[in-house]
Amino acid sequence: MKKMKAVGLQQYLPIDHPESLLDLQIEKPSAKGRDLLIRVKAVSVNPVDYKVRSPKDKFEDMPKILGWDVAGIVEEVGPLCTLFKPGDKVYYAGDITRPGCNSEFHLVDERIVGHMPKTLNFAEAAALPLTSITAYEALFDRMKISSFSKDNKNKTILIIGAAGGVGSIAIQLAKWAGLTVIGTASRQESQNWATALGVDYTINHYEDFVSQLNLLNIEAVDYILCLNSTNNYWTNMAEVIAPQGTICSIVETDEPLNLTLLKNKSVTFVWELMFTRSMYQTEDMINQHKLLNRIAILIDSHILKTTISEILYPINAENLRKAHAILENGKTIGKVVVEGFE
Ligand SMILES: NC(=O)c1ccc[n+]([C@@H]2O[C@H](COP(=O)([O-])OP(=O)(O)OC[C@H]3O[C@@H](n4cnc5c(N)ncnc54)[C@H](OP(=O)(O)O)[C@@H]3O)[C@@H](O)[C@H]2O)c1
């Protein structure tokens, strides 16, 4: 039985505990059905990693492997694969119901994998898949914003948490679609980052939205993309959304939301979870393959740029603990990537 390097956990411990993530040797898998076996070159870290790893009283007999953002090379294709061949460079987020990608080799269904942008290296590409799928699905599939900029003249979107991983790509996609973008950022550094990515205006998420928008002569926004604390922003969002506008949130709420606040304005509220298609094996799950290929074209046409802000080498438990700790402090700008097994 062939072995490979991996980073995983058996206990759910605080990230400053040396055993919160462990260097492991586990069985190397092989590709069946529509699976590709990927040689992992770079991974990026997302809040989902630390949310799954959050401390709890539970022990895994078989180590749990985290990580849902990859750039790598196709090593083997399953017998039913039609979209890729060995040697192809790919990028993808994967499936939350399967082992994550923090391992030398990783299995993934080809229908949720895209061809890597030709103009990016592995680290730059690994920054993109999970957040790009999320932002693209939120804007164009869930909120049904037209991707033709001529349809969005005079339309505005408010992105709450604009400088983080999802916000950094959402800003660029919203600008590509011709929207006026207002992004929230609370620090000079995050405001500068959001501005460099194209936001038209920044406001602070720790201050009242209505008065800050009024200072910009904006009475209401047509769309809101909420990337943080849905329940904390609920009242603020209900106040600034335009009549017949649309709000999309990607963040779970810890208390019930009062939908009645949206009734008078006939506002649409919609969730986005980028794992829905793979989790439920929906008939249209191949849309994520198409979406990632579209993002690659936009990158290679220099319409979008990578959102990478920091790279750690190599992929091991020590560096993944560092990356989790950076993300857990809630102030990440762009994306943190970990590259290469030694
Ligand atoms: N549903 C899905 O499919 C999906 C997909 C991806 C992510 N998510 C979730 O979406 C959230 C954001 O993900 P991410 O990758 O963008 O995270 P991230 O990169 O860690 O976000 C960091 C950013 O959050 C901002 N922030 C911190 N506290 C905030 C607050 N109270 N209000 C508004 N913004 C705040 C910070 O801005 P300042 O420094 O300027 O304060 C920072 O730039 C996470 O909860 C994640 O689990 C869901």
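Each ligand, and each atom within it, is numbered from 1 in the order the structure gives.
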Salt bridge or not for [X] and [Y], using N-O below 4.0 Å?
X: E328; Y: R53; value: yes
X: E137; Y: R277; value: yes
X: D35; Y: K32; value: no
X: D200; Y: K175; value: yes
X: E339; Y: K41; value: no

Can you check whether [X] has an N/O within less than 3.5 Å of an N/O in ligand 1?
X: M274; answer: yes
X: T131; answer: no
X: K331; answer: no
X: T184; answer: no
X: E272; answer: yes
X: G165; answer: yes

Exercise. Should side-chain heavy atoms under 4.5 Å link Ile, Leu, Val, Met, Phe, Trp and Tyr, which residues sit in the same cluster as I297?
Worked result: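 Under the 4.5 Å side-chain rule, I297 groups with nothing.
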Looking at [X] and [Y], would you say the former's side chain and the latter's main chain have a donor-acceptor pair under 3.5 Å?
X: E207; Y: N204; answer: no
X: E239; Y: I241; answer: no
X: T131; Y: V166; answer: no
X: K290; Y: R294; answer: no
X: E76; Y: A31; answer: yes

Relative to the heavy atoms of [X], which atoms of ligand 1 are at a distance of less than 4.0 Å?
X: L273; answer: 1 (N), 2 (C), 3 (O)
X: A185; answer: 40 (O)
X: L130; answer: 5 (C), 6 (C)
X: A163; answer: 43 (O)
X: K51; answer: 44 (C), 45 (O), 46 (C), 47 (O)

Among protein heavy atoms, which sits nearest to [atom], and what does the distance come to when rounded to 0.1 Å?
atom: atom 22 (C) of ligand 1; value: T332 O, 3.3 Å
atom: atom 12 (C) of ligand 1; value: L227 O, 3.3 Å
atom: atom 37 (O) of ligand 1; value: H205 CE1, 3.7 Å
atom: atom 21 (O) of ligand 1; value: G164 CA, 3.6 Å
atom: atom 9 (C) of ligand 1; value: I250 CD1, 3.8 Å
atom: atom 27 (C) of ligand 1; value: G330 O, 3.1 Å
atom: atom 35 (C) of ligand 1; value: N228 ND2, 3.2 Å
atom: atom 5 (C) of ligand 1; value: T134 OG1, 3.2 Å

Report the part of [X] in contact with ligand 1, treating N, CA, C, O as backbone and CB onward as side chain, heavy atoms under 4.0 Å; options are side chain, backbone, both, neither.
X: N232; result: neither
X: V166; result: both
X: S190; result: side chain

Exercise. Under 30°, 30 to 60°, or over 60°: which ring-plane class applies to H106 and Y92, parallel, tilted or perpendicular?
Worked result: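 The arrangement is parallel - the two ring planes meet at less than 30°.
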Exercise. Which word best sums up how the rings of H205 and Y233 line up, parallel for under 30°, tilted for 30 to 60°, or perpendicular for over 60°?
Worked result: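 Geometry flag for Y233 against H205: perpendicular rings.
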Problem set entry | Candidate with minimal heavy-atom separation from atom 46 (C) of ligand 1, of S44, S186, P47 |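 It is P47 that holds the nearest heavy atom.
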Exercise. Listed by chain and number, what are the side-chain hydrogen bond (donor to acceptor under 3.5 Å, both in side chains) partners of E189, not counting sequence neighbours?
Worked result: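 Residues passing side-chain hydrogen bond (donor to acceptor under 3.5 Å, both in side chains) with E189: R187.
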For this session: Tell me, yes or no, whether the heavy-atom count around F59 atom CZ, taken from other residues, nucleotides or ligands under 6.0 Å, exceeds 12.
Result: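 More than 12 within 6.0 Å, yes.
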Exercise. Could a heavy atom of Y233 be found less than 4.0 Å from some atom of ligand 1?
Worked result: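 In this structure, Y233 qualifies as a contact of ligand 1 - some heavy atom is under 4.0 Å.
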Exercise. Hey, is Y206 one of the residues with a heavy atom under 4.0 angstrom from ligand 1?
Worked result: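 A heavy atom of Y206 does come that close to ligand 1.
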